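A short worksheet on the structure shown next.
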Amino acid sequence: MPLSEARSADPLDDLVALLRGRRIVALTGAGCSTESGIPDYRGPETRRRARNPIQGREFSRSAEIRQRYWARAVIGWERFSRAEPNPAHRALARLEHGGPLDGLITQNVDGLHQAAGSRRVIELHGTLSEVACLECGAMEPRAAVQERLLAQNPGWLRLAADLAPDGDADLPAEHVAGFRAPPCLRCEGLLKPRVVFFGENVARPIVDAAFALVDAADALLVVGSSLAVFSGYRFVLRAAQRGIPIAMINLGAARGEELGALKIDALAGEVLPRLADALGAAPR
């Protein structure tokens, strides 16, 4: 179904008309969490400055890269972990509880959908709240790792740094050299957050579960994603191939806009609460 310009004075009316009476699956990106204070990679503000995200292969091979990651993540986690769901997260939870939303697929690693009350959430890229050992597979809560990181690097939080996407922080390179990263408690192996870094593949069972959710839906609602990364864009392609109407809510351009039936250029937190009200989702 081709992208169309809004036909009503309020584009929300067109969105409601498109989604009413349909079973919906949502695909969310970083733009869904920016209103909670978590920066994104490609939003109107962050795209103005270059980012050099950690690559999965580099993290596994390079002690220097791991040191850089953990040194910055210690600062980023302090602020990232305090983020709270915003109106967009809460509206999506409302749409699932007694509403038309069957579930959601998220590219985010912040856990804010679950914190808002969403129950059927497929996390494409994992979660920052857990850490895994690359050697023995032992799991540990990120909060516990944070305590060890701070004990081994006293005074680290006094360093000034800006919060960056995915719990990272912009820390000058000269501060990183003396940082000590903790090993696995069980085998002293290498620790990695349970997230999919750039260059890594999403596990096949997760991809299959997400495809199944899209295949069972009557409409796909994309929220806060530029769809620049194929891990999310593939579900838009799937919906288009199956003739499932696609609606988008995103600030700025999105990949695959031409495949959608409707796009609203606005903040998710402004549109989704009104959508939930219009579709009869009960308040929570």
Side-chain angles (χ1 to χ4, degrees), residues 10-38 40 80-130 205-225 232 235-236 238-239 242 244-251 260-264 266-284:
D10 186 345
L12 180 69
D13 293 338
D14 295 329
L15 182 61
V16 171
L18 178 68
L19 298 180
R20 191 183 299 280
R22 300 180 188 270
R23 301 307 304 175
I24 306 165
V25 61
L27 170 64
T28 68
C32 194
S33 293
T34 53
E35 294 170 81
S36 294
I38 298 176
D40 58 8
F80 182 92
S81 61
R82 292 197 296 268
E84 296 184 355
N86 65 54
H89 299 110
R90 292 192 287 270
L92 287 168
R94 286 176 56 201
L95 284 165
E96 181 187 2
H97 291 259
L101 187 70
D102 280 345
L104 61 87
I105 305 160
T106 186
Q107 300 172 87
N108 300 337
V109 294
D110 51 42
L112 292 180
H113 286 302
Q114 293 92 326
S118 291
R119 294 172 294 194
R120 191 175 185 184
V121 181
I122 297 176
E123 295 176 312
L124 283 180
H125 299 157
T127 176
L128 275 181
S129 66
E130 297 176 346
I206 293 175
V207 174
D208 289 343
F211 274 137
L213 195 57
V214 172
D215 290 345
D218 300 320
L220 175 64
L221 176 62
V222 180
V223 178
S225 179
F235 303 109
V236 171
R238 179 69 156 240
R242 298 181 69 86
I244 298 170
I246 303 162
M248 300 180 179
I249 303 169
N250 189 58
L251 273 180
L262 177 69
K263 178 175 180 289
I264 298 179
L267 290 170
E270 295 176 355
V271 177
L272 287 175
R274 297 173 61 205
L275 177 65
D277 289 342
L279 293 180
R284 301 193 72 231

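A quick note: this is a predicted structure, and the numbers were derived from the prediction, not measured.
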If you compare all heavy atoms of [X] against all heavy atoms of [Y], which two are closest, and at what distance to 0.1 Å?
{"X": "Ala88", "Y": "Cys32", "result": "CB-SG, 4.0 Å"}
{"X": "Leu92", "Y": "Leu272", "result": "CG-CD1, 3.9 Å"}
{"X": "Ala219", "Y": "Leu19", "result": "CB-CD2, 3.7 Å"}
{"X": "Ala83", "Y": "Leu112", "result": "O-CD2, 3.5 Å"}
{"X": "Glu96", "Y": "Arg119", "result": "OE1-N, 2.9 Å"}
{"X": "Leu220", "Y": "Leu27", "result": "CD1-CB, 4.1 Å"}

Nearest-0.5 Å distance that lies between atom [atom1] in [X] and atom [atom2] in [Y]:
{"X": "Leu104", "Y": "Gln114", "atom1": "CG", "atom2": "CD", "result": "8.0 Å"}
{"X": "Phe211", "Y": "Ile122", "atom1": "CZ", "atom2": "CD1", "result": "11.0 Å"}
{"X": "Leu267", "Y": "Ile249", "atom1": "CG", "atom2": "CD1", "result": "10.5 Å"}
{"X": "Leu18", "Y": "Arg20", "atom1": "CG", "atom2": "CZ", "result": "11.5 Å"}
{"X": "Leu12", "Y": "Leu262", "atom1": "CG", "atom2": "CG", "result": "9.5 Å"}

Is the shortest side-chain heavy-atom distance between [X] and [Y] below 4.5 Å?
{"X": "His125", "Y": "Asn108", "value": "no"}
{"X": "Ser225", "Y": "Thr28", "value": "no"}
{"X": "Leu101", "Y": "Leu221", "value": "no"}
{"X": "Arg238", "Y": "Asp215", "value": "yes"}

Could you check Arg94 against Asp277 for side-chain contact (heavy atoms from CB on, under 4.5 Å), going step by step and ending with a plain yes or no?
CA-CA 9 Å; Arg94 286 176 56 201; Asp277 289 342; 2.7 Å; yes

Should the pair Asp102-Arg120 be classified as a salt bridge under the 4.0 Å nitrogen-to-oxygen rule?
no

Applying the side chain to side chain donor-acceptor pair (under 3.5 Å) criterion to Ser33, which one of Asn86, Asp110, Thr106 satisfies it?
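Exactly one option meets the side chain to side chain donor-acceptor pair (under 3.5 Å) with Ser33, and it is Asp110.
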
Go through Leu275 and Leu15 one step at a time and tell me if the side-chain contact (heavy atoms from CB on, under 4.5 Å) criterion holds.
CA-CA 8 Å; Leu275 177 65; Leu15 182 61; 4.0 Å; yes

For [Y], does its backbone N or O pair with a side-chain atom of [X] as donor and acceptor, under 3.5 Å?
{"X": "Arg90", "Y": "Pro85", "answer": "yes"}
{"X": "Ser36", "Y": "Glu84", "answer": "yes"}
{"X": "Glu35", "Y": "Pro87", "answer": "no"}

Please evaluate residues Val214 and Ile105 with respect to the criterion side-chain contact (heavy atoms from CB on, under 4.5 Å), reporting the C-alpha separation (whole Å), side-chain torsions for both, the decisive distance (0.1 Å), and the verdict.
CA-CA 9 Å; Val214 172; Ile105 305 160; 3.8 Å; yes

Among Leu213, Val222, Val25, Leu124, find the residue that satisfies the side chain to side chain contact (heavy atoms under 4.5 Å, CB included) test when tested with Phe235.
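Result for side chain to side chain contact (heavy atoms under 4.5 Å, CB included) with Phe235: Leu124.
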
